[in-house]
Student: 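The structure that follows is given in the form of structure tokens.
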Amino acid sequence: MSRYDATSVEQKWQEAWEKAGSFAAKRDESKPKYYVLEMFPYPSGRIHMGHVRNYTMGDVIARYKLATGHNVLHPMGWDAFGMPAENAAMASGGHPKDWTYQNIADMKSQMKPMGWSLDWTREFATCDPDYYGQQQSMFIDFLQKGLVYRKNAVVNWDPVDMTVLANEQVIDGKGWRSGAAVERRELTQWFFKISDYSEELLDAIDRLDNWPAKVKLMQANWIGKSRGLQFAFSLIDGPTGHDRIEVFTTRPDTLMGASFIGISPDHPLAKVLERHDPKIAEFNAEARKGGTTEEAMETAEKLGYDTGLRVRHPFDNAWELPVYIANFILMDYGTGAIFGCPAHDQRDLDFARKYDLQVIDTFVAAEGGAPVKNEAFVPPKTASVKWLKAFAWDELATGEEAIEAAIGFCESKGVGFGVTKFRLRDWGLSRQRYWGCPIPVVHCDTCGVVPEKKENLPVRLPDDVTFDKPGNPLDRHPTWRDVACPTCGQPAKRETDTMDTFVDSSWYFARFTAPRAETPTSLPDADYWMNVDQYIGGIEHAILHLLYSRFFARAMHICGHLPAKAIEPFDALFTQGMVTHEIYVTRDENDRPVYHLPEDIEWTESGARLGASGQSVEVIPSAKMSKSKKNVVDPVNIIQQYGADTARWFVLSDSPPERDVEWTASGADAAFKHLSRVWRTASDIVAATGSGQGDDDLLRAMHKTIHDVTTGIESFGFNAAIAKLYAFTNMLAKSSAGAAAKKQAMTTLAQLMSPMTPHLAEEIWSLMGQKGLIVEASWPVADPQMLIEDTVTLPVQVNGKRRSEITVAKDMPPEEVEKLVLQDDAVKKALEQGPLKKLIVVPGRIVNVVI
RNA sequence: GCGGGCGUGAUGGAAUGGUAGACAUACCAGACUUAAAAUCUGAGGGGCGUAUGCCCGUGUGGGUUCGAGUCCCACCGCCCGCACCA
């Protein structure tokens with residue numbers, strides 16, 4: 001028997017689909033549309049197994065929807081701006097543009113053999129001037145609608161390289177190239193007013209019915225709505241202009257437990273103080289060292305500096321509290337100042353113990369409450385506690401009740417007012433880098449900040465730049481910067497910052513609906529294709545990318561670029577897991593790890609060893625495939641060895657799609673063996689003739705499989721669907737049914753497999769003598785009559801443990817079942833132990849006898 | 001540190017609160033073969049037993065329920081995100 005030749009089969013059908021234009025989407029009002037989109041890739045130059053998994057999942061959905069009569073849009077493009085292109089240029093001297101477009105060409109040539117049903121006619125890269133020009137046009141629209149503004153914000157500053165660093169370029173508080181301690185420095189930057197939409201973005205989460213609950217929860221927590229009190233402490237003998245310190249607290253109920261005031265090193269008062277006090281200046285300078293991330297702030301040692309200033313407690317003029325500058329207080333959140341209540345906040349308690357400050361219990365546990373020692377008492381806000389320092393509520397009250405009462409009381413006394421704050425900050429989009437979308441504004445001494453005229457768009461990136469020194473080449477470009485002011489015509493300077501790449505990815509889904517339009521979108525196309533019916537990508541995008549896109553869709557709607565129905569652009573979201581692999585490591589002479597590629601490993605009885613030298617290799621449990629750990633399997637090699645269908649089948653088969661899947665050589669081999677077996681079985685069936693036995697059983701199983709696989713695909717249970725296909729293939733291969741029934745079963749099997757292994761499916765379809773392409777055939781429908789079972793086997797439990805089973809007619813009334821159960825030998829035996837307490841019959845499910 | 005998630009045989013995993021381990025991998029046994037590969041058949045959570053069977057078992061410890069892998073609480077471990085990685 002000849003071997004299944006994946007390479008030639010796959011190429012043949014890819015050419016057939018290409019010729020038939022099977023995947024080019026066109027507006028067709030007569031059919032229901034379906035827009036399936038996977039998060040577009042960064043053009044690193046090589047596809048990896050994560051891409052294979054992501055795009056194969058989308059492809060299963062796309063092909064299934066195509067077969068169920070939908071007009072499917074399944075596009076692909078490139079998230080092509082970003083730092084790696086500049087890093088490559090710095091490392092090897094090329095140009096980011098050449099590097100990027102070459103990578104796109106390379107990756108596309110690796111993706112094509114996968115046989116994904118992509119509409120390549122809509123392809124674009126975000127670094128195409130056509131695309132970023134439209135983005136610039138929208139930026140100007142946003143500016144006119146007040147959705148963009150400028151303000152100061154801190155960046156990571158490398159004092160040696162004199163350049164801004166990304167968070168990932170800050171390692172342990174030091175610049176990745178220079179090794180210098182990173183400082184936080186303020187720059188004037190552009191921001192999107194996403195915070196204006198905090199409430200709206202939060203409320204709308206409830207209507208995202210087909211998003212994972214965890215993503216919705218993460219977004220809600222990120223937006224972080226909180227109710228609290230804003231009020232001021234009066235400052236005693238403060239510097240001129242500083243007679244009060246405004247604070248925001250979510251726990252006004254603990255006001256009587258306050259023991260210190262903390263202000264951010266970037267607080268206006270701290271900045272005044274540092275001008276006159278070298279020690280404060282030194283403390284602030286030290287506090288400003290390190291990266292800007294929240295993580296860096298919160299894991300750093302909590303330090304404070306006693307300014308010597310004091311404030312009065314709002315309820316007691318005689319009560320004075322010290323004012324500390326503290327390195328863990330963010331200027332960006334609230335007012336940049338807090339009061340510390342050590343008894344009910346662990347961070348405040350640690351701080352109080354360190355600087356020997358008072359700890360005042362304001363409440364204790366309702367029963368057996370003890371004073372706080374080294375662990376703050378922080379019960380849930382819904383728990384009732386016993387109050388020692390209540391000032392407007394009962395002795396026993398929950399935190400929630402006390403907070404509301406405290407706000408009301410403070411308002412009535414003229415001490416501050418209740419406010420709702422959000423954690424969500426405005427979206428800073430300025431990047432001091434070359435390889436991004438230029439911000440289309442001009443700085444004029446006379447007119448100020450002026451948007452570029454739309455007819456001058458796109459503002460193109462100049463090609464003649466070098467990367468031989470750190471910093472933004474646009475900033476030192478000899479002529480690109482110098483322009484005439486669009487308003488007054490006087491000499492002016494271009495903005496040299498470019499946009500965050502999140503901007504590029506916040507509207508690409510809309511652009512795919514009309515990728516060549518001369519406006520950002522074309523409304524008839526957007527109206528037809530939007531929303532994305534199914535969006536698929538990694539959980540790592542759960543917050544930023546998805547939240548920014550939700551904001552952007554609203555902003556685009558305001559500017560007339562999207563219909564109202566598209567303000568929530570993704571109807572359904574699915575977050576798939578990663579592809580992982582074991583890691584193989586040896587040690588060099590200095591005991592440093594040396595990683596090895598899977599293909600260099602040989603397996604012997606004593607374990608893994610290096611194929612070349614025979615050196616034994618340590619095997620570390622699976623982790624996400626990464627180049628640095630060398631635990632990567634190149635999809636290109638898998639396609640060459642087994643074909644695309646095998647890779648597609650494997651990434652779908654073993655694990656549930658939302659979880660990580662571990663790539664194993666044996667698993668890939670098994671996938672290939674199975675597909676070969678299906679092909680062999682099909683070849684046998686073609687040759688078979690005559691009648692046999694068990695036609696009905698086979699056809700019943702076929703209808704059950706149609707039902708199960710259809711359900712599996714619709715619910716993203718691809719691994720479960722594949723398990724059913726395995727089971728049905730096993731049955732079919734062993735079946736002694738007649739030729740006609742087997743042929744029918746095999747044809748259906750091919751259709752059910754076609755979303756996963758489309759090439760093999762086409763091959764079998766044609767082998768079975770079917771006309772046309774399977775990709776044009778309608779999805780099989782299960783006959784409900786064939787799914788009905790006459791009898792059902794019920795497990796019989798005694799006290800929750802399975803002891804027997806009975807087989808009864810499916811529709812037998814529970815009373816009848818009870819009678820039968822009581823006659824069962826195992827039940828009779830159990831009843832000797834004691835009287836029957838309860839008999840539970842769950843129809844069609846289970847029986848439980850409680851003794 | 002904060003927010004979110006996950007944890008089931010040797011391995012990947014299955015299981016609307018209802019028979020734990022479907023389906024697959026590895027290993028083992030058998031068939032075919034001069035032999036190997038390929039292919040086919042079978043056994044298969046652990047313990048005791050020839051077997052019908054009995055006991056134990058879903059990270060750990062509690063709880064709810066007739067019944068918990070599934071729900072609740074605490075803990076342990078791993079993973080994702082933390083606003084300039086994409």
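Note on naming: letters A, B, ... go to the chains in the order of the sequence lines (proteins, then strands), and numbering restarts at 1 for each one.
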Student: A:Met83 near the nucleic acid: base, sugar-phosphate alone, or nothing, with a heavy-atom cut-off under 4.0 Å?
Tutor: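 The residue A:Met83 makes sugar-phosphate contact but no base contact.
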Student: Which of these nucleotides, B:G13, B:G3, B:C85, is closest to any side-chain atom of A:Pro656?
Tutor: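 Of the options given, the side chain of A:Pro656 lies nearest B:G13.
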Student: Taking B:C27 as the reference, what is the distance to B:U39 when you measure between their P atoms (whole Å, please)?
Tutor: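 These two P atoms come out 13 Å apart once rounded.
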Student: Under 4.0 Å, counting only non-hydrogen atoms across every strand here, what does A:Phe328 touch: a base, just sugar-phosphate, or nothing?
Tutor: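 The residue A:Phe328 makes no contact with any strand.
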Student: A:Lys673 near the nucleic acid: base, sugar-phosphate alone, or nothing, with a heavy-atom cut-off under 4.0 Å?
Tutor: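 A:Lys673: backbone/sugar contact only, no base atoms under 4.0 Å.
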Student: Using a strict cut-off of less than 4.0 Å between a Lys/Arg side-chain nitrogen and an Asp/Glu carboxylate oxygen, indicate whether A:Asp350 and A:Arg347 qualify as a salt bridge.
Tutor: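 Salt bridge absent between A:Asp350 and A:Arg347.
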Student: Of all the nucleotides listed (B:C66, B:G12, B:U16), which has the minimum atom distance to the side chain of A:Arg845?
Tutor: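 From the listed options, B:U16 comes nearest.
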Student: Send over the distance from A:Asp497 CG to B:C84 P, rounded to a whole Å.
Tutor: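 In whole Å, B:C84 P lies 13 Å from A:Asp497 CG.
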Student: Contact class for A:Val215 vs. all strands (heavy atom < 4.0 Å): base, sugar-phosphate, or nothing?
Tutor: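 Nothing, no nucleic acid heavy atom in range.
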Student: When you get a sec, tell me which of B:G13, B:G81, B:A86 is the closest nucleotide to the side chain of A:Asn719?
Tutor: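 Comparing B:G13, B:G81, B:A86 against the side chain of A:Asn719, the answer is B:G13.
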Student: If you look at every strand shown and take non-hydrogen atoms under 4.0 Å, does A:Arg423 touch a base, only sugar-phosphate, or nothing?
Tutor: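 Contact class for A:Arg423: base.
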Student: Does A:Gly82 reach a base, just sugar-phosphate, or nothing at all? Heavy atoms under 4.0 Å.
Tutor: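 Sugar-phosphate, backbone atoms only, no base.
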Student: Quick check on RNA chain B: between A:Asp426 and A:Arg677, whose nearest nucleotide comes earlier from the 5' end?
Tutor: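 Its nearest nucleotide being more 5', the pick is A:Arg677.
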Student: Salt bridge or not for A:Glu301 and A:Lys354, using N-O below 4.0 Å?
Tutor: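 Judged by the 4.0 Å cut-off on N to carboxylate O distance, A:Glu301 and A:Lys354 do form a salt bridge.
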Student: On the side chain of A:Asn167, is there an atom forming a donor-acceptor pair with the base of B:C84 - under 3.5 Å, no angle test?
Tutor: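 No, no donor-acceptor pair under 3.5 Å.
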Student: From OH of A:Tyr548 over to P of B:G81, roughly how many Å is that when rounded to an integer?
Tutor: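 Spelled out: OH on A:Tyr548 to P on B:G81 is 15 Å.
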Student: Could you check whether A:Asn799 gets within reach of a base, just the sugar-phosphate, or nothing at all, counting any heavy atom under 4.0 Å?
Tutor: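 The residue A:Asn799 makes no contact with any strand.
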Student: Is A:Leu424 touching bases, backbone alone, or none of the nucleic acid, heavy atoms closer than 4.0 Å?
Tutor: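 If one applies the 4.0 Å heavy-atom cut-off, A:Leu424 turns out to touch a base.
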Student: As an exercise, state the distance from CZ of A:Phe728 to CE of A:Met753, rounded to the nearest 0.5 Å.
Tutor: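 Those atoms lie 11.5 Å apart.
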Student: Between B:G4, B:C84, B:A83, spot the one nearest the side chain of A:Asn156, thanks.
Tutor: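 Nearest to the side chain of A:Asn156 among the choices is B:C84.
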Student: Using a heavy-atom cut-off of under 4.0 Å over every strand shown, decide if A:His545 touches base, sugar-phosphate, or nothing.
Tutor: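 Result for A:His545 = nothing.
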Student: So is A:Arg184 actually on top of A:Trp157's ring, under 6.0 Å and inside 45° of the axis?
Tutor: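 No, a cation-pi geometry is absent between A:Arg184 and A:Trp157.
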Student: Do the side chain of A:Arg433 and the base of B:C84 come within less than 3.5 angstrom through a donor-acceptor pair of N or O atoms?
Tutor: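 By the distance-only test, yes, there is a pair.
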Student: Would you say A:Lys801 reaches B:C56's phosphate, i.e. side-chain N/O to OP1/OP2 under 4.0 Å?
Tutor: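 So the side-chain polar atoms of A:Lys801 do come within 4.0 Å of the phosphate oxygens OP1 or OP2 of B:C56, strictly under.
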Student: Does any donor-acceptor pair link the side chain of A:Gln189 with the base of B:C84 at a separation under 3.5 Å?
Tutor: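 Between B:C84 and A:Gln189, which were checked side chain against base, a qualifying N/O pair under 3.5 Å is present.
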Student: Taking only the side-chain heavy atoms of A:Glu168 (C-beta and beyond), determine which of B:C80, B:C85, B:G5 contains the nearest atom.
Tutor: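 The answer is B:C85.
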Student: Run through A:Tyr508, A:Trp427, A:Trp507 and flag the one making a ring pair (Phe, Tyr, Trp, His ring centres under 6.0 Å) with A:Tyr548.
Tutor: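 The passing option is A:Trp427.
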Student: Nearest 0.5 Å, what's the CZ-CZ distance between A:Phe551 and A:Phe192?
Tutor: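 With rounding to 0.5 Å, CZ (A:Phe551) is 6.5 Å from CZ (A:Phe192).
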